[in-house]
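Only heavy atoms go into these numbers, but all of them, side chains included; no hydrogens, no water, no symmetry mates. Lettering of chains follows the sequences in order, A, B, ..., and the numbering in each one begins at 1.
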Number of protein chains: 2
Amino acid sequence: MTDVARRSGVSVGTVSNVLHRTAPVSDDTRRRVLQAIDELGYRQNEVARSLRRRATKTLGVVIPDALNPFHATVALQVERRAHRDGFAVLLAETENDPATESDQVRALVGRRVDGVIFPAVTAGSTIPTELLDRGIPVVVVSFEAADPRLGIVHVDEYAAMEQVVAHLVGMGHERIAFAHSGAHEESVDNRPEALAAALRARGLVPVPGDDSPTAFCCTNDVIAMALVDRLERDGTAVPDNVSVVGFDDIPLAAHRRIDLTTVRQPAEEMGRTAAEMLLSAIAAGEHAGRRVLMPAELVVRGSTGPARREA
Amino acid sequence: MTDVARRSGVSVGTVSNVLHRTAPVSDDTRRRVLQAIDELGYRQNEVARSLRRRATKTLGVVIPDALNPFHATVALQVERRAHRDGFAVLLAETENDPATESDQVRALVGRRVDGVIFPAVTAGSTIPTELLDRGIPVVVVSFEAADPRLGIVHVDEYAAMEQVVAHLVGMGHERIAFAHSGAHEESVDNRPEALAAALRARGLVPVPGDDSPTAFCCTNDVIAMALVDRLERDGTAVPDNVSVVGFDDIPLAAHRRIDLTTVRQPAEEMGRTAAEMLLSAIAAGEHAGRRVLMPAELVVRGSTGPARREA
DNA sequence: CTGAAAGCGCTTACAG
DNA sequence: CTGAAAGCGCTTACAG
């Protein structure tokens with residue numbers, strides 16, 4: 001910037017002014033400055049700017065796993081929306097590990113992100129609260145949480161599971177299990193509990209996955225697809241021998257070869273909404289503190305069918 | 001930091017020293033400082049640090065589409081590896097649009113990333129060169145480029161396509177088409193050319209996709225899976241009526257329901273290697289300027305079969 | 001309309 | 001071992 005100022009014969013303050021129209025600048029001066037910028041290939045240093053303005057125009061997105069299409073979609077939409085407002089996004093992966101999670105969040109705090117979005121969080125995590133306490137707005141996507149300062153974008157998982165159970169019970173299923181990944185700490189959501197509630201309303205209870213269920217409700221579509229793969233490799237046909245229901249409705253769920261019955265969450269819209277919520281909270285200098293409920297609906301495809309009668 | 005210094009009765013320089021062991025500090029002082037940090041919940045401001053050190057410890061990853069598992073995997077591995085070295089990663093999405101691409105890269109330059117990784121780049125892009133000219137090291141993944149300052153992690157696409165064509169021709173295919181997404185500008189790679197070369201070596205040429213090919217070679221697995229879906233919805237069975245070959249070997253390609261014959265690229269290793277290459281270039285203060293060739297191999301699964309004899 | 005100066009929160013020689 | 005001071009590249013009152 002000093003170079004630009006020197007080359008165009010003005011002060012750095014004036015260069016700053018032409019760059020941000022914060023104060024009127026004569027046309028002639030503006031032209032000279034712009035020309036110098038062009039000749040020098042000058043690109044403003046955002047880190048100095050961030051330091052001075054005490055705002056970085058960057059968001060953090062903390063996801064357990066970039067390979068889950070639901071999370072990837074949210075991250076993508078956030079990035080897209082943020083970019084429109086001149087915000088950048090720092091990607092932090094947690095692998096669903098609490099230690100990595102807090103590590104990552106600490107790094108985001110150090111880098112002074114203006115806000116953060118969590119499409120998931122490890123069970124029992126107090127991380128969002130810590131951020132909130134530091135005055136950093138946060139919005140969570142696809143799950144609920146208690147803190148009123150939190151921005152929340154979610155679907156009604158109880159209503160969704162009610163639809164799932166109605167569908168399954170209507171086809172004679174009574175032995176229904178919940179399936180999640182055993183690989184990591186679970187992230188927090190109400191899906192198992194929502195399933196249990198819908199079953200209870202019909203005098204049923206969830207059965208363990210190894211206790212010959214006739215249907216599985218999976219915590220997400222990735223798990224559901226892996227389950228179908230495993231079942232069929234073991235000779236258990238889906239849906240002839242057992243039905244499988246996913247959650248999310250990732251694009252592949254509609255693939256003819258996959259054809260997964262699942263609960264559709266509007267991932268793109270959720271990501272976009274979360275970004276907008278966060279961005280406007282940042283602009284207003286306050287917490288997001290709002291809750292948006294999105295529609296979720298059962299999409300019936302070919303992975304569910306009538307319960308097999310016991311031999 | 002001033003607060004910490006005041007509370008522990010030392011100067012800010014000393015606080016800096018205990019934080020980074022750049023100079024010896026007495027045990028007693030260290031203890032007091034650490035305690036003050038803890039009591040205050042102090043977290044060092046990385047942006048000030050970055051400004052002063054003229055290095056941000058952040059990498060940019062520029063991808064066309066976070067939903068492509070190959071790109072997501074590379075991004076994830078880069079993030080993981082970078083995180084180990086205390087680097088953060090800025091995610092920039094291009095949607096395969098040259099304007100967005102240069103926009104995003106400009107933003108990365110403004111934010112003074114220490115280096116950038118491209119798992120793909122729009123055709124004809126001069127972006128990497130511009131970065132290189134500014135002294136920013138860049139490494140590209142899964143394609144080739146001419147600039148000797150570039151770090152390159154790729155596979156031998158010609159050898160891979162040779163295997164593909166040998167497999168296909170061995171099953172009687174002579175009408176082979178290349179399939180890519182028509183949605184966006186293509187990103188740059190040698191796959192179409194590699195296919196053509198392997199065909200030419202056998203006196204064949206690629207046929208247009210609408211000229212009743214008996215086999216399709218797709219630019220990646222996502223396209224291949226979409227193609228299978230489309231073909232089968234139109235009543236064309238795969239592989240009975242037409243064979244389909246992908247590229248990448250994303251995890252789903254091995255799913256029993258998908259079962260895609262494809263060329264395996266070691267995505268995780270490529271991402272990790274790219275990150276390491278970039279990180280060590282940054283540490284050394286020079287360009288990556290190295291080329292690593294990774295193995296690619298044909299994985300034969302169920303989406304390819306004997307060419308259907310014309311009726 | 002333009003310039004000089006302070007200050008954002010750090011690091012890094014340099015003294016002591 | 002510790003402190004004082006300069007400076008990283010900006011923005012923002014404040015004068016003029």
Problem - Closest-nucleotide ordering on DNA chain D, the 5'-leading residue of B:Val25 and A:Arg43 - result: B:Val25
Problem - Any A:Arg54 side-chain N or O less than 4.0 Å from OP1/OP2 of C:dG7 - result: no
Exercise for the section: Starting at atom CZ of A:Arg6, determine the distance to atom C1' of D:dG9, rounded to an integer number of angstrom. Expected result: 14 Å
Exercise for the section: Check every strand shown and say whether B:Glu46 touches a base, only sugar-phosphate, or nothing at a heavy-atom separation below 4.0 Å. Expected result: nothing
Completion exercise
Separation of C:dC10 atom C1' from B:Ile37 atom CD1, nearest Å, is 13 Å
Problem - B:Arg49 vs C:dT11: side-chain N/O to OP1/OP2 distance below 4.0 Å - result: yes
Practice task
Just call it for B:Val47: base, sugar-phosphate, or nothing, with non-hydrogen atoms closer than 4.0 Å on any strand.
Solution key: nothing
Practice task
Please report, rounded to the nearest Å, how far the C1' atom of C:dC8 is from the CG atom of B:Asp3.
Solution key: 14 Å
Handout entry: Contact under 4.0 Å: B:Thr29 side-chain N or O vs D:dT2 OP1/OP2
Key = yes
Exercise for the section: Using heavy atoms to find the nearest nucleotide of DNA chain D for A:Met1 and B:Thr14 separately, return the residue whose nucleotide is more 5′. Expected result: B:Thr14
Problem - Distance in angstrom units between A:His20 NE2 and D:dT11 P, rounded - result: 4 Å
Practice task
State, yes or no, whether a side-chain contact exists between B:Leu278 and B:Asp114 at a heavy-atom distance under 4.5 Å.
Solution key: no
Handout entry: Base partner of D:dT2, which must satisfy Watson-Crick or wobble distances under 3.5 Å
Key = C:dA15
Practice task
For the pair A:Thr273 (side chain) and A:Glu269 (backbone), establish whether a donor and an acceptor sit closer than 3.5 Å, ignoring hydrogens and angles.
Solution key: yes
Problem - Side chains of A:Leu132 and A:Leu150 in contact at under 4.5 Å (non-hydrogen atoms) - result: yes
Completion exercise
Given the options A:Asp27, A:Thr29, A:Val33, A:Arg31 meets side-chain contact (heavy atoms from CB on, under 4.5 Å) only with A:Asp27
Problem - Whichever of B:Ala48 and B:Gly13 has its nearest DNA chain C nucleotide further upstream toward 5' - result: B:Ala48
Exercise for the section: Considering just the side-chain nitrogens and oxygens of A:Ser26, establish if one lies under 4.0 Å of OP1 or OP2 belonging to C:dT2. Expected result: yes
Completion exercise
Looking only at D:dT11, D:dA6, D:dT2, the nucleotide nearest the B:Arg52 side chain is D:dA6
Problem - Test item: B:Arg43 and A:Arg134 side chains (from C-beta on) under 4.5 Å apart, heavy atoms - result: yes
Practice task
Nearest whole angstrom, please: distance from the C1' of C:dT11 to the CG of B:Asn45.
Solution key: 13 Å
Fill in the blank from the handout: Side-chain contact check for B:Asn17: nearest option of D:dT11, C:dT12, C:dC10 is C:dT12
Completion exercise
Among D:dC1, C:dG3, C:dC8, the one nearest any side-chain atom of B:Pro24 is D:dC1
Problem - d(CG, A:Leu51; P, D:dG7) in whole Å - result: 17 Å
Exercise for the section: Answer yes or no: does a side-chain N or O of B:Ser16 lie under 4.0 Å from OP1 or OP2 of C:dT11? Expected result: yes
Practice task
In whole angstrom, give the distance that lies between atom CZ of B:Arg112 and atom P of D:dC8.
Solution key: 14 Å
Exercise for the section: Could you tell me whether B:Glu268 atom CD has more than 12 heavy atoms of other residues or ligands within 6.0 Å of it? Expected result: no
